[in-house]
Amino acid sequence: MISRRVFLGGAAAAAAAGKAFLAEHGFWDYTTPGAGGMEAYGRDDYAWLLDDMAEAGMNSLLVCPRWFTTGYRSRLPYLDQLSSNKVIASGNELLRWTLEEARRRKIKTWLSAFVCGFEPGAYGQTPYRTVEVPVEGGPLLRIGLYDIDTPGLEERAVEIFDELVGEFPMVDALDVELEDSGIERPHRVPLYEKWAKENGRPPFAQLGRPLNPRLYDIPAWRDFNTHRRIQILRQIEKAVRARGFRGSLAMICETANSRFSITQEVNFEEFRAQLPHWIAVTYEYDKWRHRYGVMDLSIATPKQYGVTVYYLPRGVMTWGRWPLPITLEESWRMDLEDVETFQPNGLWWFGSGGNNEGLHVSRKRLREAGYADGRQARRALLARVKGLRPG
């Protein structure tokens, strides 16, 4: 493991001088069924969250109303719509109220959507993998994952963000999630071959296999996926700008942290060259594994190429094998050290304190971690991060 002393330099000096380096600091959470996030929040829960954030000096809130499942009222026929979801039941008024209340407290608001997962029957295409999302008090949803070149995916991605801007015109910024879309599929081979020929890259037959960006770092395949993502991002931007949206835009750039490797699915240099005004969102939840290598790839590397980078660490989150090898408190401590050291441009804590059973946060696991409920865990985290004040 690399010594932390190697990286301290200017970051430690800035911290010692009391200089704020974060443009934004806040929470990232989901209104979608089965997530274990905000989907169980009522108006009081949102108000308590916003008050807690304002008291801690936070200035940014990102809400994901579209993950594997859908947590907003949509007119799009391929998006699942559970009437038990609080935002859907309100006809989106609950989320609109929350966004307005956040802005009233001078908290910047973001909406994010994952656009590569749908119920297969509603989508009408064959997924490369299916995941199960149990919903507390509801059905077990089976969601298909689709690669970036699945017919219709680009059009659906554009439609979702166009609809979000129409439904929530008060939102300040948007984030696009294209995770797990870069896998090898037969229909992608001709597209790669055409791109490779035009860009002087090796033919498909010469690439290492399998082509799974989460497991293997194959530069030509990563660059091809980056190229395809950029094309989709441009179409999304065109659509939302046509609606009058003028806010910030971001995309998740996934790091993969496996037992013996660290990989990044996006070519940051090309991302910066083609979309210099877009923000890259990177993350790391397993602080016990490859800690500084992942920090380098998640924060130092994109900054090296001039990319504005927002970092997404584990907040009130119990996702992963349980119990975790370290406590939530130890994970928070390590992330605070690393944020001070590497200085991302923005910071969202994943998980604002869910109070039900879900994939991201489990009420039962929170109690096992020593917290009576999600808000108690959130306030414990906020007590530790109050020194991180955005500039």
Side-chain angles (χ1 to χ4, degrees), residues 22 24-67 71-72 85-90 92-112 136 168 170-173 175 281 310-319 328-329 331-332 335-336 346-363 365-367 369 371-390:
L22 293 172
E24 296 184 44
H25 181 207
F27 280 111
W28 169 300
D29 216 331
Y30 294 74
T31 63
T32 59
M38 295 171 163
E39 74 268 28
Y41 280 15
R43 185 171 292 202
D44 286 346
D45 299 293
Y46 283 110
W48 291 331
L49 168 63
L50 296 173
D51 288 343
D52 289 346
M53 291 177 64
E55 182 181 347
M58 287 180 162
N59 69 343
S60 186
L61 174 65
L62 187 145
V63 179
C64 299
R66 174 100 247 287
W67 180 49
Y72 77 99
N85 180 269
K86 290 183 180 294
V87 174
I88 291 175
S90 75
N92 293 333
E93 284 305 315
L94 179 59
L95 183 51
R96 293 191 189 105
W97 178 86
T98 301
L99 297 175
E100 293 285 14
E101 285 295 301
R103 296 185 72 186
R104 191 172 65 80
R105 292 168 172 82
K106 297 182 171 32
I107 294 174
K108 182 176 178 178
T109 59
W110 290 71
L111 291 178
S112 180
E136 185 175 22
F168 307 100
M170 70 290 292
V171 72
D172 298 310
D175 170 73
V281 181
Y310 282 26
Y311 179 56
L312 180 62
R314 182 186 292 269
V316 183
M317 183 215 280
T318 59
W319 170 281
L328 286 176
E329 295 79 11
S331 179
W332 298 338
D335 270 313
L336 284 168
L347 173 67
W348 289 302
W349 298 92
F350 189 136
S352 64
N355 286 322
N356 63 331
E357 290 298 318
L359 294 179
H360 292 147
V361 184
S362 159
R363 178 179 52 219
R365 288 181 175 186
L366 281 180
R367 287 197 296 264
Y371 296 104
D373 55 32
R375 190 183 187 197
Q376 186 186 68
R378 175 174 73 235
R379 292 177 70 83
L381 169 59
L382 290 176
R384 289 166 171 79
V385 306
K386 60 184 179 182
L388 283 176
R389 296 281 176 166

* side chain to side chain contact (heavy atoms under 4.5 Å, CB included) between D29 and V316: does it pass, once the steps are laid out? -> CA-CA 10 Å; D29 216 331; V316 183; over 6 Å; no

* Assess whether side chain to side chain contact (heavy atoms under 4.5 Å, CB included) is satisfied between V87 and M38, documenting all intermediate values. => CA-CA 10 Å; V87 174; M38 295 171 163; over 6 Å; no

* To do: For E329 and R384, run side chain to side chain contact (heavy atoms under 4.5 Å, CB included): C-alpha distance rounded to whole Å, both residues' side-chain angles, the deciding distance at 0.1 Å, then the answer.
  => CA-CA 9 Å; E329 295 79 11; R384 289 166 171 79; 3.4 Å; yes

* Steps toward side chain to side chain contact (heavy atoms under 4.5 Å, CB included) verdict (L336, V385) -> CA-CA 7 Å; L336 284 168; V385 306; 3.8 Å; yes

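For the atom pair CD1 (I88) and CD (E39), the distance works out to 11.0 Å, reported to the nearest 0.5 Å. Taking OH of Y371 as the start and CG of L366 as the end, the distance is 9.0 Å to the nearest 0.5 Å. The CG atom of L95 lies 10.5 Å from the CD atom of E100; values are rounded to the nearest 0.5 Å. To the nearest 0.5 angstrom, R363 atom CZ is 11.5 Å from T318 atom OG1. A distance of 9.5 Å separates CE of M58 from CZ of R389, quoted to the nearest 0.5 Å. Separation of atoms OG1 (T98) and CG (L49) is listed at 8.5 Å; rounding is to 0.5 Å.
For the pairing with D172, the salt bridge (Lys or Arg N to Asp or Glu O under 4.0 Å) check across K106, K108, R103 returns one residue only, R103. Screening Y310, W348, W349, W110 for a ring-ring contact (aromatic ring centres under 6.0 Å, His included) with W28, the sole residue that qualifies is W348.
Looking at R365, its side chain never comes within 3.5 Å of a backbone N or O of V361 through a donor-acceptor pair. No side-chain donor-acceptor contact under 3.5 Å links D335 to the backbone of W332. N356 places no side-chain N or O within donor-acceptor distance of the main-chain N or O of A40, the cut-off being under 3.5 Å.
Contact detail for T32 and R66: the closest heavy-atom pair is CG2-N, 3.6 Å. Residues P65 and S112 approach most closely at CD-O, 3.0 Å, considering heavy atoms. In terms of heavy atoms, R367 sits closest to A372 at CG-O, 4.1 Å. Taking each heavy atom of K86 and L94 in turn, the nearest pair found is CB-CD2, 3.9 Å. Taking all atoms of both residues into account, the shortest heavy-atom contact from G57 to P390 is O-CD, 3.4 Å.
Within the 4.5 Å cutoff, the side chain of I107 has no heavy atoms near those of the F27 side chain. Using a 4.5 Å cut-off on side-chain heavy atoms (C-beta onward), R105 and M53 make no contact. Here the side chains of P313 and L347 are in contact, with some heavy-atom distance below 4.5 Å. Side chains of L62 and L111 form no contact here, defined as non-hydrogen atoms less than 4.5 Å apart. For the pair L50 and L61, the minimum side-chain heavy-atom distance is below 4.5 Å. Counting only heavy atoms from C-beta outward, the side chains of M170 and T109 never approach each other to under 4.5 Å. Using a 4.5 Å heavy-atom cutoff, the side chains of F168 and N92 are in contact.
Residues meeting the ring pair (Phe, Tyr, Trp, His ring centres under 6.0 Å) test with Y41, sequence neighbours left out: Y46. Take R379 and apply the salt bridge (charged side-chain N to carboxylate O under 4.0 Å, His left out) test, not counting sequence neighbours, and it matches D52.
In this structure, W319 and W67 have perpendicular ring planes: the angle between them is above 60°, well past the 30° mark. A tilted orientation is assigned to the rings of H360 and Y30, their planes being inclined by 30° to 60°.
In this model, a donor atom of one side chain and an acceptor atom of the other lie less than 3.5 Å apart for S362 and E357.
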